[in-house]
Amino acid sequence: MPWEREALWERLKEPLDLLIVGGGATGAGVLWAATLRGLRAALVERGDFASGTSSRSTKLLHGGVRYLELAFKRLDRRQLRLVVDALHERQVVLGLAPHLARPLTLLTPLFRPLEIPYYWTGLKLYDLLAGKRRLGGSRYAPPEEVARLLPDLPKTLGGVLYRDGQFEDFRLNLALVRSALGKGAIALNYAEATGFLLKGGLVRGAVVRDRLSGKEVEVEAKAVVNAAGPLADEVRHLLDPHLPPLLTPSSGAHLVLDYPLTVGLLLPKTRDGRVLFLLPWREKALLGTTDLPALPGACPRPRPEEEAYLLEEIRPLLGDLSGRVLARWAGLRPLVGQGETQLLVRDHCILEEKGLYTLVGGKWTTFRLMAEDLLERLRRDLGLAMGPSLSAHTPLVGVGPRGDRPEALYRNYGVEAEGVLALGERPLLPGLSHVEGEVLWAVREELAVKPLDVLARRMGLALLDEKAALAALPRVVALMAPLLGWDEARAKREEEEARAGLPRLC
């Protein structure tokens, strides 16, 4: 990384109010909220920002239709509260980054008479819980309309149309980090916490190793937050290897299909009781997701049985789509508690152990609420002086009108698209909407240091089309090399590493 990384590394040597371990949605949300409240905060991430679960979501900002159903079936107030909180936060996020988040229309097809009142009533209740923050009322769509929207569906009794939110998860994660950097925070990718500093038996900092250079620094902080998502137990075990596990990770696999869609498709019942989504995403279709127990790990891949499950579930409705798979990826949900993963509440948890604060659970939609809950806990426990919460009303970097900026670039960069184009308008590959300026921008402005940082978590191409990302890889390396000082041998190693890591996206 150019001098900016070195400058950030040097600033880790200054005493901090808050050190955050983990650079996904949870950690980035805490960094942004803490910085807005006047805390001296730093974030370290052992991989790239959003390289795990936070770039591998279903891309939905939603309250959770399935959670609402579970709330009433199981009389579970926690599920209901999660839905209400998420519907509120959905509207907040749409306002914070309107270039990265937008409303999305979804259709639930109806095939049996009793489904009509059941799903219509459920989605009307979903509207009711959203209140003034709803994105538009749900309504019944007659069979002819359903056939126009999704011609490949078998004959239906109509459907229910409703509105939820969709967003670019990896770009929102990066926007949170960069917005915090712009207000004086510190954030470093490929920086790993290898142990904790103790004072009086309490955690008051961490030893951080730069995975690119190998150098280490002792970072002192009044509070340390473990925001490592599915790897949170691994971080806890740096403090005490005998601590009992807090999480039951589950795998959520997704497939990207070459299949045109104008609306999303919600299938409320699969053979294992899950909800299935087929969503329009970047001119393709995103199919997900699974919910299987999994071992924690940094770079999960979809298991063959997960891919088979998704394709089998969609086959009776839209036919065999196995030949249209462009990309596949999986993320691990950091579910709090023990038991059947499908029934565990997607709520968040704050746990203090010897001064280490672990913030886990929750969902992308509620990242901001999780961060503010954590900060209030630190205020009460440690007496940290901080200003009022501003995270619900402070726009993120890139916000502004689209104007005549190209849609594909605006969707990633907002008003910064002009700066991207100024660095190079030539397409990265013939037929791609991505331009060479995006690679240069990623390195200069977005802390990208490896080819997959660019292809997967800056542009999103590797998430969308694995073959296209592989074809673009040599040009990405050629553009990155002079900026990062790579000689020919180093550039070759980086390309080989990225080629090997592309199926896992890291």
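Taking a cutoff of 4.0 Å between a charged side-chain nitrogen and a carboxylate oxygen, Glu306 and Arg301 do not qualify as a salt bridge. One finds a salt bridge joining Glu494 and Arg490 here, because a Lys/Arg side-chain nitrogen approaches an Asp/Glu carboxylate oxygen to under 4.0 Å. Looking at Glu218 and Lys13, no side-chain N of the basic residue comes within less than 4.0 Å of a carboxylate O on the acidic one, giving no salt bridge. Salt-bridge annotation for Glu407 and Arg402: present, with a side-chain N of the basic residue lying under 4.0 Å from a carboxylate O of the acidic one. We find that Glu6 and Arg11 are not joined by a salt bridge, their nearest charged nitrogen and carboxylate oxygen being 4.0 Å or further apart. Salt bridge absent: Lys215 and Asp210 never bring a charged side-chain N and a carboxylate O closer than 4.0 Å. Taking the charged nitrogens against the carboxylate oxygens, Glu488 and Lys492 have no contact shorter than 4.0 Å, which rules out a salt bridge. Under the 4.0 Å criterion applied to side-chain N and carboxylate O atoms, Asp48 and Lys450 are not assigned as salt-bridge partners.
Put simply, the side chain of Arg171 gets close to the backbone of Asn412: a donor and an acceptor are under 3.5 Å apart. Under a 3.5 Å cut-off, the side chain of Thr394 and the backbone N or O of Leu390 do form a donor-acceptor pair. Glu496 places no side-chain N or O within 3.5 Å of a backbone atom of Arg493 that could act as its donor or acceptor partner. Here the side chain of Arg56 pairs a donor or acceptor atom with the backbone of Gly52 at under 3.5 angstrom. Distance alone, capped at 3.5 Å, places no donor-acceptor pair between the Glu192 side chain and the Thr194 backbone. The closest donor-acceptor contact from the side chain of Arg102 to the backbone of His99 lies under 3.5 Å. With hydrogens and angles disregarded, no donor-acceptor distance shorter than 3.5 Å links the side chain of Arg405 to the backbone of Tyr410. Thr248 places no side-chain N or O within donor-acceptor distance of the main-chain N or O of Leu335, the cut-off being under 3.5 Å. Here the side chain of Gln166 pairs a donor or acceptor atom with the backbone of Pro280 at under 3.5 angstrom. Remark: the backbone N or O of Lys354 is paired with a side-chain donor or acceptor of Glu352 at under 3.5 angstrom.
Looking only at side-chain heavy atoms (C-beta outward), Glu168 and Trp281 come within less than 4.5 Å of each other. Taking the side chain as every heavy atom from C-beta outward, Leu198 and Leu239 approach each other to under 4.5 Å. Within the 4.5 Å cutoff, side-chain heavy atoms of Leu278 are placed close to those of Leu261. Contact check for Phe196 versus Val207: no side-chain heavy atoms found under the 4.5 Å cut-off. Put simply, the side chain of Thr270 does not reach to within 4.5 Å of the side chain of Val275, judged on heavy atoms. Between Trp486 and Met480, the closest side-chain pair of non-hydrogen atoms falls below 4.5 Å.
Side-chain polar atoms of Tyr190 and Asp453 form a donor-acceptor pair below 3.5 angstrom. A donor-acceptor contact under 3.5 angstrom links the side chains of Arg5 and Asn189, judged on distance only. In this structure, a donor-acceptor pair under 3.5 Å is present between the side chains of Glu446 and Trp441. A donor and an acceptor atom, one from each side chain of Arg368 and Ser391, are located under 3.5 Å apart. Inspection of the Asp169 and Ser57 side chains reveals an N or O donor paired with an N or O acceptor under 3.5 Å. For the residue pair Arg333/Ser250, the side-chain donor-acceptor check at 3.5 Å is satisfied.
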Original post:
What's the verdict on side-chain hydrogen bond (donor to acceptor under 3.5 Å, both in side chains) for Thr366 and Glu89, showing C-alpha distance, side-chain angles and the deciding distance?
Top reply: CA-CA 6 Å; Thr366 58; Glu89 291 300 306; over 6 Å; no

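Contact between Leu384 and Asp17 at its shortest, heavy atoms only, is CD1-O, 4.4 Å. Closest approach of Ala500 and Pro503 over heavy atoms only: O-CD, 3.4 Å. Among all heavy-atom pairs drawn from Leu409 and Ala417, the shortest one is CB-CB, 4.0 Å. Residues Pro395 and Val399 approach most closely at CB-CG2, 4.0 Å, considering heavy atoms.
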Report, one line per pair, each donor and acceptor closer than 3.5 Å where one atom sits in a side chain of residues 424-435; sequence neighbours left out.
residue : atom : partner : partner atom : Å
Arg426  : NE   : Glu436  : OE2          : 3.2
Arg426  : NH2  : Glu436  : OE2          : 3.0
His434  : ND1  : Glu438  : OE1          : 3.2
His434  : ND1  : Glu438  : OE2          : 3.1

Side-chain donor-acceptor contacts of residues 226-237 below 3.5 Å, not counting sequence neighbours, with atom names and distances?
residue : atom : partner : partner atom : Å
Asn226  : OD1  : Ala228  : N            : 3.3
Asn226  : ND2  : Ala232  : O            : 3.0
Asn226  : ND2  : Thr358  : OG1          : 3.2
Asp233  : OD1  : Arg236  : NH1          : 2.6
Asp233  : OD1  : Leu246  : N            : 3.0
Asp233  : OD2  : Leu246  : N            : 3.1
Asp233  : OD2  : Leu247  : N            : 3.2
Glu234  : OE2  : Arg46   : NH1          : 2.8
Arg236  : NE   : Glu353  : OE1          : 2.9
Arg236  : NH1  : Pro244  : O            : 2.9
Arg236  : NH2  : Pro244  : O            : 3.2
Arg236  : NH2  : Glu353  : OE2          : 2.7
His237  : ND1  : Asp233  : O            : 3.3
His237  : NE2  : Leu243  : O            : 3.0

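The side-chain contact (heavy atoms from CB on, under 4.5 Å) test with Tyr259 is passed by exactly one of Asp152, Leu287, Val325: Asp152.
Residues meeting the ring pair (Phe, Tyr, Trp, His ring centres under 6.0 Å) test with His254, sequence neighbours left out: Trp329.
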